[in-house]
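Position 1 is the first residue of the sequence, and the numbers go up from there. Indexing begins at 1, ligand by ligand and atom by atom, following the structure's order.
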Amino acid sequence: MKPSVLVTKRIYPEAIEYLKQHCQVDYVDNDEGLTAEQFHKRIRGKQGVVAQLMNRFSADVIDSLDGLKIIANVAVGFDNIDVPAATRKGILVTNTPDVLTETTADFAFALLLAAARRVVEAHQFVHNGEWRKWSIDLLVGQDVHHRTLGIFGMGRIGQAVARRGRGFSMRILYHDAVRAPEAVEQELKLEFVSKEQLLRESDFVSLHVPLLDSTRKLIGEPELTLMKKTAILVNTSRGPVADEAAVAKALKEGWIAAAGLDVFEREPEVNPVLLQLQNVVVAPHIASASVDTRREMSMLAARNAVEALEGRRPITLLNPAVWDSLSARSGV
Ligand code: GLV
């Protein structure tokens, strides 16, 4: 009998077709997803689940999932899953890295440029019929080229953003818990600096760290007060990496000049102060949302699920210890 998989929300049809070739698929074919109660009913008896960010796999949920072999997350971030709890329970967990790196970096840069050059304000200005004459300081913003870009988190996406910064002749500072390989530092002409130096010297601060206990509220009031008054903050990582109330206060009171925000602490809620400000460009968590990339993310999650359910190592496995112990048990 084919293994059975729950797909908790709508994904690209190609991925569903692929899953159907290999599994029995219980597909929640809508964008609402399931309530906790519905989820508990439908996950029963399944060997795999293709999940999305809003599906929370806490230790308690994971402990209740008997017979589940894989959680295939359709996202690179996996803060919605207690991976150590899944590892203890012997459940494989996968994410979708690499396929979204360049697309996410494009969007971080789009927010950076939009906030710096006031693209959304300009669009609204023309739309509202306010454009009657040209004037020397109409909608003047901040230059991007030759300025200093500070990147928190020099992983795949951080590096892709740095590459874009180099294309704009920017000086690139970065801070991370782990220093990037020397070859990467040299290729991208990166300067590894302290958190404080990055905040003090950067014209743009872009966040590319995963959400961990150590990165929660990485940017709060103390950090925002260190930033330049002309600085622009960009967040395409996770909302809780920045203290949203503090960011709103900093933008309102002019501690920093502007922000481009794709992620928020309690999505889809956005701090109402942010929505009243002209110097903030907001987006609904769409940094990886290009047609090709969202399709590839769907396909990678589906492939990960099928690999695991057919007894092969999933492609982008987050907890190899589970695979090692499964292989040891089956004597592979
Ligand atoms: C999106 O936020 C992702 O983690 O892929």
Side-chain angles (χ1 to χ4, degrees), residues 7-12 14-15 31 33 49-58 70-83 86 92-112 151-161 164 176-177 206-219 233-242 244 247 259-270 274 281-305 314-319:
V7 180
T8 62
K9 258 175 90 105
R10 202 164 59 81
I11 57 173
Y12 271 70
E14 293 88 332
D31 294 327
V49 57
V50 174
Q52 296 185 40
L53 292 179
M54 54 303 299
N55 302 132
R56 301 244 144 242
F57 292 89
S58 62
I70 176 153
I71 303 171
N73 215 32
V74 190
V76 65
F78 47 88
D79 44 285
N80 57 317
I81 304 169
D82 187 330
V83 179
L92 299 159
V93 182
T94 59
N95 65 340
T96 58
D98 303 317
V99 293
L100 48 59
T101 300
E102 300 297 329
T103 303
T104 304
D106 279 351
F107 198 73
F109 231 81
L111 286 177
L112 183 156
I151 298 178
F152 278 107
M154 197 44 73
R156 288 168 288 235
I157 299 173
Q159 288 176 31
V161 170
R164 283 155 181 75
D176 204 335
S206 195
L207 308 179
H208 301 287
V209 293
L211 176 59
L212 305 167
D213 287 343
S214 56
T215 59
R216 199 173 284 278
K217 295 201 195 307
L218 174 71
I219 302 296
L233 176 70
V234 176
N235 191 5
T236 53
S237 61
R238 284 290 181 269
V241 171
E244 204 168 309
V247 171
L261 306 173
D262 183 48
V263 288
F264 302 88
E265 282 186 69
R266 283 169 295 277
E267 296 173 9
E269 276 173 45
V270 176
L274 291 173
V281 179
V282 289
H285 201 145
I286 56 164
S288 65
S290 73
V291 177
D292 289 347
T293 292
R294 284 287 164 88
R295 185 184 295 121
E296 284 188 46
M297 289 166 70
S298 302
M299 280 306 298
L300 179 53
R303 286 202 187 98
N304 275 325
I315 308 152
T316 49
L317 181 60
L318 289 165
N319 52 356

List below, pair by pair, the N or O atoms of ligand 1 and of the protein that are less than 3.5 Å apart, including the distance to 0.1 Å; reply 'none' if no pair qualifies.
unit_1	atom_1	unit_2	atom_2	d
ligand 1	2 (O)	Arg238	NH1	2.8
ligand 1	2 (O)	His285	NE2	2.6
ligand 1	4 (O)	Val76	N	3.3
ligand 1	4 (O)	Gly77	N	2.8
ligand 1	4 (O)	Arg238	NH1	3.4
ligand 1	4 (O)	Arg238	NH2	2.7
ligand 1	5 (O)	Val76	N	2.8

*Is the closest basic N to carboxylate O distance between Arg303 and Glu296 below 4.0 Å?*
no
_Distance check, rounded to the nearest 0.5 Å: Arg238 atom CZ versus Thr215 atom OG1?_
10.5 Å
_Using the ring-ring contact (aromatic ring centres under 6.0 Å, His included) criterion, which residues pair with Phe152? Sequence neighbours excluded._
none
*Output the distance between atom CD1 (Ile315) and atom CG (Leu300), rounded to the nearest 0.5 Å.*
5.5 Å
*For Phe109, ring-ring contact (aromatic ring centres under 6.0 Å, His included) partners two or more places apart*: Phe168
*With sequence neighbours left out, what residues match Val282 under side-chain contact (heavy atoms from CB on, under 4.5 Å)?*
Phe264, Leu275, Val280
